[in-house]
Amino acid sequence: MLTIAVYPGSFDPITFGHLDIAERAAKLFDELHILVVHNPAKSPRFSSEERVELVRASLSEVGIESKKITVDTLDSGLLVNYCRMVGATALVKGFRTSVDLDYELPMAQVNRDLADVETCFIPADPIHGHISSTLVKQVADLEGSVQKYVPEVVARALASSSANRKAKG
Ligand code: PNS
């Protein structure tokens with residue numbers, strides 16, 4: 001039986017921390033779907049299409065060319081419905097600290113209740129423990145260097161989005 005997992009998130013934008021989790025998760029499953037999900041609690045910097053393109057370009061830039069990985073979007077509806085559609089029995093979530101686990105645990109329990117989908121938590125590598133999409137956007141907006149945190153393609157997209165925001169005031 002194929003083991004298929006979904007790695008969902010806002011990925012607004014994808015960071016080296018996310019890429020590390022994706023690469024490690026791809027070693028554990030036969031197929032991994034990286035899923036860019038619309039989170040109504042957040043107002044994203046990049047559109048779903050832009051985020052998918054940044055995920056694909058980042059995978060290629062850092063040399064994660066696994067044939068096991070698919071990148072997709074979910075703009076509405078339950079995550080577990082997407083899991084059913086692709087035959088996934090597991091979700092992958094990365095966590096940096098217990099704060100992430102406190103946020104993720106109820107979602108993991110609901111997803112198991114709804115569709116018997118198990119969540120596998122992968123601890124962040126300590127070298128990525130302080131990286132978040134939110135901080136990366138803030139550093140870029142304040143014209144700091146984000147090259148340690150994101151691939152070049154994402155750094156360029158952030159620079160251009162920060163410049164546009166500045167121009168608009
Ligand atoms: O990167 P994020 O924003 O923390 O990811 C959260 C996300 C998108 C994974 C979460 O909001 C989610 O699973 N949304 C899908 C909607 C859903 O199925 N909700 C019910 C179970 S949690």
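Order of appearance sets the numbers: ligands from 1, and atoms from 1 within every ligand. In what follows, residues are counted from 1 in the order of the sequence shown.
- Looking at atom 19 (N) of ligand 1, its nearest protein heavy atom turns out to be Leu78 CD2, 4.1 Å.
- By the 3.5 Å distance cut-off applied to N or O atoms, Asn39 is counted among the residues near ligand 1.
- Residue Phe95 is found in a hydrophobic cluster whose other members, listed by chain and number, are Leu101, Phe121; membership requires side-chain heavy atoms under 4.5 Å apart, directly or through intermediates.
- Below 4.0 Å from some heavy atom of Gly9 lie the following atoms of ligand 1, by number and element: 1 (O), 5 (O).
- Every atom of ligand 1 is numbered from 1 in the order shown, and the set under 4.0 Å from a heavy atom of Ser10 is 1 (O), 2 (P), 3 (O), 5 (O).
- The atoms of ligand 1 that sit less than 4.0 Å from any heavy atom of Asn111 are 21 (C).
- Although no hydrogens or angles enter the test, the distance criterion places no donor-acceptor pair under 3.5 Å between the side chain of Arg96 and the main chain of Ala124.
- For atom 9 (C) of ligand 1, the nearest non-hydrogen atom from the set Lys42, His18, Lys93 belongs to Lys93.
- A donor-acceptor pair is defined here as one N or O able to donate and one able to accept, closer than 3.5 Å; such a pair exists between the side chain of Ser162 and the backbone of Leu158.
- Between Lys93 and Asp100 no salt bridge is recorded (no basic side-chain N to carboxylate O distance below 4.0 Å).
- Atom 7 (C) of ligand 1 lies below 4.0 Å from none of the non-hydrogen atoms of the protein.
- Ring to ring, Phe11 and His18 are close: their centroids are under 6.0 angstrom apart.
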Quiz prompt | Test log, rule side chain to side chain contact (heavy atoms under 4.5 Å, CB included), inputs Leu91 and Asn111 | solution = CA-CA 9 Å; Leu91 290 166; Asn111 287 323; 3.5 Å; yes
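- Of all atoms in ligand 1, listed by their number and element, those nearer than 4.0 Å to a heavy atom of Leu79 are 13 (O), 17 (C), 18 (O).
- In terms of protein heavy atoms, atom 10 (C) of ligand 1 is closest to Met107 SD, 3.9 Å.
- Side-chain atoms of Asp20 never come within 3.5 Å of backbone atoms of Phe16 as a donor-acceptor pair (strictly under, hydrogens ignored).
- Legend: salt bridge (Lys or Arg N to Asp or Glu O under 4.0 Å) pairs involving residues 55-80, not counting sequence neighbours, sorted by first then second residue: Glu53-Arg56.
- The shortest separation from a heavy atom of Tyr103 to ligand 1 is under 4.0 Å, placing the residue in contact.
- Listed by number with element, the atoms of ligand 1 under 4.0 angstrom from any heavy atom of Val37 are 8 (C), 14 (N), 15 (C).
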